[in-house]
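Below is one structure, written out as structure tokens, with a few remarks after it.
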Amino acid sequence: MVINISVGNAWDVLRGARSVPPGLAASSRPRRRVFSASLEQAEQFFRAAAAVGPATQPVLVFYGLSQAGRAIAASAKALPGDRWELVGHGIHTVEPQRPLTEVRVTTDPAGNQGSFVRLSELLDSPVWGREPVTLAELWDCLPLNTHAPLDPAHTGRTTPLLVAHRSLSDEPHPLASVPVTYFPPRVLEADDTVTAFLAYLEHFPDALGYDSYVRKSMNGAEPALDRYQDGWSEVVMNWADPEGRHAFPDEHLDRLRRITRRHNGAWYFTPAVAKSARGIHSLMAWWAVLHALSTLARYQPAQWARHIDVDASVHAVPIERLLAKACHVLPVLIAETLDEVTT
């Protein structure tokens with residue numbers, strides 16, 4: 001697979017992979033057939049979704065992602081034997097009659113063969129069983145929604161932290177030091193910035209192995225948060241080499257890669273879901289959100305029509321924006337995830 005993937009070339013990368021399948025997709029005829037056919041269906045679903053409006057878009061986008069998931073499983077090196085075969089969705093949208101932000105999502109238990117569970121386990125991403133997670137919480141796990149809440153009046157959101165890995169020093173050093181971005185305004189504006197900062201980081205278990213962060217003063221604990229014009233901020237954080245040696249930049253980069261989640265060429269710390277030990281994988285966050293939206297569109301059409309009514313619903317514009325972006329961003333994430341499971 002090609003690592004440098006963009007919105008402009010994602011489908012070229014995915015189509016090119018079909019003649020030379022990556023990973024275990026080339027190991028047997030059944031896997032290769034599923035890999036190729038699933039990607040073909042995924043591409044057709046996504047291209048169809050780009051041509052329609054939000055009344056039906058979530059159904060097409062979700063099934064495009066679902067079919068791409070079968071291709072990811074068929075190619076995954078960590079799914080030998082018949083473990084790559086997926087049966088059912090493995091995820092459920094319940095209580096769809098609730099207000100949109102409060103619609104609940106549950107999953108099948110760990111070890112299930114459903115698509116969401118099997119792929120989550122493959123990607124070291126949480127499943128949460130019968131403990132429901134709200135659509136609003138899952139919505140906020142997507143980097144594209146940092147500045148686009150499902151409900152503009154909602155406060156106290158937890159959204160992904162961007163790790164500016166390209167800012168890593170090109171000299172050997174015992175610390176990997178990079179800016180971590182998108183701390184919400186409430187952190188910097190809190191009466192006790194240290195407590196607010198540390199409390200916010202608790203939502204990101206992958207980040208908690210940090211060695212230190214840049215402080216305002218040598219003897220203080222207050223983080224040196226650099227505020228942007230929109231009120232959000234960043235701080236430089238440090239991760240120590242496990243052996244305390246002057247590690248080379250590519251070694252630091254590899255460690256940062258392993259503790260972050262890729263999304264459209266960028267690396268993020270994503271929030272934990274249902275007190276999980278790792279942040280949710282970006283692909284699975286999209287999966288959960290789109291399952292909920294597509295369930296409403298399919299089985300609650302009148303209610304869905306109210307949600308996407310721009311004259312009456314505060315949710316309409318955020319939904320329109322997300323679905324339009326999904327048609328272009330998700331093929332990149334699918335290609336990135338294929339690269340992740342086959343290298």
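We number each residue from 1, following the sequence as shown.
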Can you tell if the side chain of L138 reaches within under 4.5 Å of the side chain of W287, non-hydrogen atoms only?
no

Answer yes or no: is there a side-chain heavy-atom contact under 4.5 Å between R104 and V133?
no

Check S75 against L338 and note the closest heavy-atom contact, atom names and distance.
OG-CD2, 3.1 Å

Is the [atom1] atom of [X] crowded by more than 12 outside heavy atoms at less than 6.0 Å?
X: R15; atom1: CZ; answer: no
X: Y210; atom1: OH; answer: yes
X: F248; atom1: CZ; answer: no

d(E222 CD, S217 OG) to nearest 0.5 Å is 8.0 Å

H147 and W232: aromatic ring centres closer than 6.0 Å?
yes

Report yes or no: is the cationic atom of R118 (NZ for Lys, CZ for Arg) closer than 6.0 Å to the six-membered ring centre of F116, at no more than 45° off its axis?
no

Hey, are [X] and [Y] close enough for a salt bridge, meaning a charged N less than 4.0 Å from a carboxylate O?
X: E340; Y: K77; answer: no
X: D254; Y: R257; answer: yes
X: R245; Y: E251; answer: yes
X: R98; Y: E95; answer: yes
X: R157; Y: E137; answer: no

No-hydrogen, no-angle side-chain donor-acceptor test under 3.5 Å, T93 and H291:
yes

Residue pair K325, E320: steps toward the salt bridge (charged side-chain N to carboxylate O under 4.0 Å, His left out) verdict
CA-CA 9 Å; K325 293 280 188 181; E320 284 183 349; over 6 Å; no

Main-chain N/O of L175 paired with H173 side-chain donor or acceptor, under 3.5 Å
yes

Quick one: does any side-chain atom of R262 pair with a main-chain N or O of T337 as donor and acceptor, under 3.5 Å?
no

Ring pair (Phe, Tyr, Trp, His ring centres under 6.0 Å) involving Y268 - partner list, sequence neighbours excluded
none

